[in-house]
Amino acid sequence: MKRLLALLALIAVHATAAGFDYALAPRQIAPDTWVLEGAQEDFSFANGGRIVNTAFVVTDAGVVVIDSGPSRQYGEQTVAAIARITDQPIVKVWITHHHPDHFLGNQAFAPKTLGALARTLTDIETDGKAFNENMFRLVGDAMRDTEVVVPTEALVAGIIEIGGHRFELLALDGHTAGDLAVLDHTTGVLFAGDLVFHDRTPTTPHATIARWLDSLDVLEARPFKHIVPGHGPVAADAGPIRQTRDYLKWLDGLLTQSAAAGLDMTEVMRLPLPKIFRQLAVIDAEFPRSVSHLYPAAEEGALHVSSHPVTH
Ligand SMILES: [Zn+2]
């Protein structure tokens, strides 16, 4: 028994020294295009925050990375995974929005390669540190030595040609105040960031649902062949966009109706969910969270309506 404990202690020390292994296995989804798929789970010590999809495109003029992931170690392991596939240097790292699972790997990349929408830069400056501290609480040692790095380049909407790939940057919002989506016209791959969730409940801590729905319309109208959602499986049609739209519309309607009926927040959290949404990953955690994020505004709206009766 003593020897076993000693052995276990040794293994534990070893695991700590080696760091957290994300076991990143890039999957090719289109010419020059790989995705690192995250788990359909909440943040945990076991997944190290790897619940997000990141991606990279190997062009003739270097590698373009979409999102750097949840931690320094994830970023470093992404760099290593890319080096196993190509000798090309990483020339761009485009961050889709300021949520921690998407940008806390920034440290692993050369600062001059990092870019995001101007609003995202500001929001990382404002919220980044608190997000980072919270991630340490949620996923533990996988976050070791992770620090916030604010991207240097402010991206603007438009076309960028890199090494034979024609990228279109779409400056949108709604999931947050700044949501970047990237369409590679050369391959037809649309990197949607968290504007699109697939088989997973959308998260709403910084959401404006009306704006988000507008952004989904913009995405659906783009000529893509593959869509990489921020979370959930890659798809070859607009299914994930429609799924995200259906959920957001239902959620918005439910909150408005509940507020009009005078329900309090805990009552709304306990409402039965339609079967179609009960199948979404992490619904039991995310639905109550969304109620807490969005219900105060819905109640405010209901109050406003009732205190300003329409007169004819
Ligand atoms: Zn997000």
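Side-chain atoms are counted along with the backbone in the values below, which use heavy atoms only and exclude waters and symmetry mates. Not measured: the values here are computed from a predicted model. Counting starts at 1 for both ligands and their atoms, in listed order.
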Counting N and O atoms only, with roles assigned by atom type, does the side chain of Tyr295 sit under 3.5 Å from a partner on the main chain of Ala259, one being a donor and the other an acceptor?
-> yes

The Zn ion (ligand 1) - closest N/O/S atom in His99 = ND1

Return the name of the atom in His175, of element N, O or S, nearest to the Zn ion (ligand 1).
-> NE2

Measure from the Zn ion (ligand 1) to each N, O or S atom of Asp194 and report whether any distance is below 2.8 Å.
-> yes

The Zn ion (ligand 1) to nearest N/O/S of His97 below 2.8 Å = yes

Test ring pair (Phe, Tyr, Trp, His ring centres under 6.0 Å), reference His175, set His206, His99, His102, output is His99

Return yes if a side-chain donor-acceptor contact under 3.5 Å exists between Asp199 and Gln40, otherwise no.
-> no

Check: Asp184/Thr187 side-chain N/O donor and acceptor closer than 3.5 Å = yes

